[in-house]
Amino acid sequence: FFFSSRSSAKLVAPLGCLVSRQKHTLPDLPYDYAALEPHINAEIMQLHHSKHHATYVNNLNVAEEKYKEALAKGDVTTQVSLQPALKFNGGGHINHTIFWTNLSPNGGGEPKGELMEAIKRDFGSFANFKEKLTAVSVGVQGSGWGWLGYNKEQGRLQIAACANQDPLQGTTGLIPLLGIDVWEHAYYLQYKNVRPDYLKAIWNVINWENVSSRYASCKK
């Protein structure tokens, strides 16, 4: 899971080491709520960040506290019963912490350098990659995420979809590079039920510098 300070997100100890953990906190956005307009409006960003993400953080802290108590008591039944809450709220926190940094008011266009070369190698062209990730994201049934991830074992990029708040790496093993939130709370106030319009717009604010940095880091 991620522990998010007010300015950054850092990897912390797994669930087995919760005795001395610090509570998760909602990270600040690196831009104003209105900064992504007209592609994503300020009302959506405010509700998405300050309400939805905050709820995942709060519920994750509650679940981890209960898990810590169950560990101390040796209560395996309760530990097992808490797994869905940990997965859902932990995934929601992880996914959104990545998502905010994947977006930028100065985003859009195409990536450069090593990332662009990898996209061409694994998808044929940037246009093909964009079309495939858009199609996978449109096709998510109900709520979930479309992802560009890195398969470290194969040394290649992969596109995947995750249901609900399932975290990409924790459920598929792929290292997350770019996530597109296709829960209705991410777009409904502006795009209603027309998910393809939202997905067309979001490419204008993708922060390729951030995605490229993630790609460089996971190759080390």
Side-chain angles (χ1 to χ4, degrees), residues 1-29 44-103 136-137 139-153 158-188 214 217-218:
F1 292 106
F2 284 94
F3 164 70
S4 298
S5 69
R6 296 303 290 171
S7 60
S8 63
K10 299 179 181 178
L11 195 63
V12 296
L15 292 176
C17 306
L18 291 177
V19 176
S20 61
R21 74 170 184 87
Q22 291 180 281
K23 286 189 175 182
H24 304 282
T25 58
L26 181 69
D28 287 338
L29 292 186
I44 287 175
M45 292 299 296
Q46 183 173 11
L47 289 171
H48 198 171
H49 175 258
S50 68
K51 300 297 184 182
H52 290 280
H53 190 172
T55 298
Y56 298 129
V57 171
N58 293 337
N59 289 342
L60 176 59
N61 284 324
V62 170
E64 284 192 345
E65 191 61 34
K66 291 179 179 178
Y67 194 92
K68 173 184 169 184
E69 294 171 1
L71 278 175
K73 295 176 182 178
D75 183 354
V76 177
T77 298
T78 298
Q79 292 172 45
V80 171
S81 71
L82 286 168
Q83 294 301 315
L86 290 167
K87 181 181 180 182
F88 182 78
N89 294 293
H93 182 34
I94 289 170
N95 293 342
H96 285 88
T97 299
I98 295 169
F99 183 61
W100 307 133
T101 64
N102 278 167
L103 305 177
V136 165
S137 301
V140 171
Q141 293 185 336
S143 300
W145 292 73
W147 288 98
L148 172 66
Y150 181 66
N151 187 320
K152 202 169 183 68
E153 290 185 1
Q158 282 184 229
I159 288 172
C162 290
N164 300 312
Q165 292 297 349
D166 289 2
L168 183 69
Q169 190 165 5
T171 54
T172 71
L174 298 176
I175 300 172
L177 304 179
L178 169 62
I180 299 179
D181 189 345
V182 290
W183 280 65
E184 284 194 343
H185 64 233
Y187 61 88
Y188 195 87
R214 290 179 181 278
S217 295
C218 72

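In this chain, numbering begins with 1 at the start of the sequence shown. None of the values given here were measured: they were computed from a predicted structure.
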Report summary line: Smallest heavy-atom separation, Thr171 atom then Cys162 atom, equals OG1-SG, 3.9 Å

Query raised in the report: Looking at Thr55, Val57, Asn59, which hits side chain to side chain contact (heavy atoms under 4.5 Å, CB included) with His93?
Result: Val57

Requested in this report: Sorted by first residue and then second, give each salt bridge (charged side-chain N to carboxylate O under 4.0 Å, His left out) pair with at least one member in residues 161-180; sequence neighbours left out.
Outcome: Lys87-Asp166

Query raised in the report: Considering only heavy atoms from C-beta outward, does the side chain of His185 approach that of Leu47 to under 4.5 Å?
Result: no

Query - Ile94 CD1 to His24 NE2 distance, which is reported to the nearest 0.5 Å - result: 8.5 Å

Query - Sequence-distant partners of Asn95, side chain to side chain donor-acceptor pair (under 3.5 Å), two or more places apart - result: Gln165

Report summary line: What one should report as the nearest heavy-atom pair of Asn89 and Leu60 is CB-N, 3.8 Å

Query raised in the report: Between Leu26 and His53, is a side-chain contact (heavy atoms from CB on, under 4.5 Å) present by the stated rule, with each step listed?
Result: CA-CA 7 Å; Leu26 181 69; His53 190 172; 3.4 Å; yes

Query raised in the report: Can you tell if the side chain of Ile98 reaches within under 4.5 Å of the side chain of Trp145, non-hydrogen atoms only?
Result: no

**Report entry** Closest contact, heavy atoms only, Gln79 versus Gln83
**Finding:** O-NE2, 3.2 Å

**Report entry** Minimum heavy-atom distance between Leu86 and Ala63, given as atom pair plus value
**Finding:** CD2-CB, 3.8 Å

Report task. Taking ring pair (Phe, Tyr, Trp, His ring centres under 6.0 Å) as the test, write out the residues that go with Phe88, two or more places apart. Result -> Tyr56

Query raised in the report: To the nearest 0.5 Å, what is the distance between CD (Gln46) and CG (Leu29)?
Result: 10.0 Å

Report task. For Gln158 and Tyr150, run side-chain contact (heavy atoms from CB on, under 4.5 Å): C-alpha distance rounded to whole Å, both residues' side-chain angles, the deciding distance at 0.1 Å, then the answer. Result -> CA-CA 6 Å; Gln158 282 184 229; Tyr150 181 66; over 6 Å; no

Query raised in the report: Taking side chain as C-beta onward, heavy atoms only, is Ile175 less than 4.5 Å from Arg214?
Result: no

Report task. Kindly write out the residues that satisfy side chain to side chain donor-acceptor pair (under 3.5 Å) with Asn102, not counting sequence neighbours, or none if the list is empty. Result -> Asn210

Donor-acceptor contacts under 3.5 Å from residues 176-183 side chains, at least two apart:
from   : atom 1 : to     : atom 2 : distance (Å)
Asp181 : OD1    : Trp183 : N      : 2.9
Asp181 : OD2    : His48  : NE2    : 2.9
Asp181 : OD2    : His96  : NE2    : 3.1
Trp183 : NE1    : Asn164 : O      : 3.0

Requested in this report: List in chain and number order the residues that pass side chain to side chain donor-acceptor pair (under 3.5 Å) with Asp75, two or more places apart in sequence or in another chain; answer none if no residue qualifies.
Outcome: Thr78

